Amino acid sequence: MARPSGEFNAAPMADIAFLLLIFFLVATTFDVDSGIMRRLPPIPDEQQRQQQEDQQIKERNVFEVLINSSDQLLVGGERADISNLKEQAKEFIANPNNEPDLPEMEVKEVPFFGQTECTKGIISLQNDRGTSYGMYIKVQNELTAAYNELKQQLATQQFGEEYSELEKEEQDAIDEIYPMIISEAEPKNVGQ
């Protein structure tokens, strides 16, 4: 009678483990971080902080966007729809007809453009604590798209190229005409 040797053949177990590993690598989806690409302003020094405090932002230079807990928009004190937000923001930023209720334009010497009117407009975004993340991202995307489209139009008009294909100095000149300033306050209870 043969006695068991006490050895265990692990080769089939290794094959099964290897196949399971391949299965999980193929079938698993990995979360990719997504977010909003923003460059935060540098920390102001004491002199800049004093200048900022001394500056008063005129009401006409602020485009106020509120999102309540039901994901409804209030733009400039009136109800608005997300589908119109980009066009409203573009009109505010560009102020093509120099309307008195839209932001002031400041004449500056801008490289490649000479004496050019630059917007003083600021977009102020305020959320409710109950605002959904999806709505917040939609509003951010619309506001960013408004700036991007204006910059694209100016790049095509001035240089005949896409904004993204311009040299850094050319992009900086366009950024000086349409500086992307989106101010966000702490979320609070905006209302229903």
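Not measured: the values here are computed from a predicted model. Below, each value reflects all heavy atoms present in this structure, side chains not excepted, and no hydrogens, waters or symmetry copies.
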| field | Joint hydrophobic cluster, Phe23 plus Met13, side-chain heavy atoms closer than 4.5 Å | value | no

| query | Just by modelled atom types, is the Ile93 backbone N or O under 3.5 Å from a matching donor or acceptor in the Thr119 side chain? | reply | yes

| message | side-chain contact (heavy atoms from CB on, under 4.5 Å), that's the test. Do Glu170 and Glu167 meet it? Break it down for me. | response | CA-CA 5 Å; Glu170 295 167 337; Glu167 299 292 324; 3.7 Å; yes

| Glu149: salt bridge (charged side-chain N to carboxylate O under 4.0 Å, His left out) partners, not counting sequence neighbours | Lys86, Lys90

| message | Under a 3.5 Å distance rule, please check whether Glu162 uses its side chain to pair with a backbone N or O of Gln152 as donor and acceptor. | response | no

| message | To the nearest 0.5 Å, what is the distance between CG on Leu150 and CE on Met180? | response | 10.0 Å

| field | Heavy-atom side-chain proximity of Tyr147 to Ile182 below 4.5 angstrom | value | yes

| Inter-residue atom distance Leu154.CG - Tyr178.OH, 0.5 Å rounding | 5.5 Å

| Is there a path from Phe18 to Val26 through hydrophobic residues (I, L, V, M, F, W, Y) whose side chains come within less than 4.5 Å of each other? | yes

| task | Ignoring hydrogens and angles, state whether a donor on the side chain of Glu64 or Gln126 is under 3.5 Å from an acceptor on the partner side chain. | result | no

| Do Asp172 and Asp175 come within less than 4.5 Å of each other through their side chains, counting heavy atoms only? | yes

| message | Using the rule side chain to side chain contact (heavy atoms under 4.5 Å, CB included), only one of Thr131, Val139, Asp128, Ile82 pairs with Asp71; which is it? | response | Thr131

| remark: dist Glu91:CD -> Leu102:CG (nearest 0.5 Å) comes out at 6.0 Å

| said: Under a 3.5 Å threshold, yes or no: a donor from one side chain and an acceptor from the other, between Tyr163 and Gln153? | reply: no

| note | CD (Glu176) and CZ (Phe113) are apart, to the nearest 0.5 Å, by 10.0 Å

| request: Verify whether one side chain among Thr144 and Gln140 offers a donor that lies under 3.5 Å from an acceptor in the other. | output: no

| field | Sidechain-backbone polar pair: Asn95 side chain, Glu99 backbone, donor-acceptor under 3.5 Å | value | yes

| message | For Tyr136 versus Leu125, what's the shortest heavy-atom pair and its separation? | response | CE1-CD2, 4.0 Å

| task | Say whether Met105 and Ile181 are linked into one hydrophobic cluster, either directly or through other cluster members, by side-chain heavy-atom distances under 4.5 angstrom. | result | no

| Heavy-atom closest pair, residues Leu166 and Glu161 | CD2-CB, 3.9 Å

| request: Compare all side-chain heavy atoms of Met135 with those of Leu73 and state whether any distance is below 4.5 angstrom. | output: yes

| request: Assess the side chains of Gln72 and Asn68: does a donor N or O sit below 3.5 Å from an acceptor N or O? | output: yes

| message | Is any side-chain heavy atom of Ile123 closer than 4.5 Å to one of Val62? | response | no

| message | Treating Arg60 as the side-chain partner and Asp101 as the backbone partner, does any N or O pair qualify as donor plus acceptor under 3.5 Å? | response | no

| Any side-chain heavy atom of Phe63 sitting closer than 4.5 Å to one from Val75? | yes

| Under a single-linkage definition using a 4.5 Å side-chain heavy-atom cutoff for Ile, Leu, Val, Met, Phe, Trp and Tyr, are Val65 and Tyr133 assigned to the same hydrophobic cluster? | yes

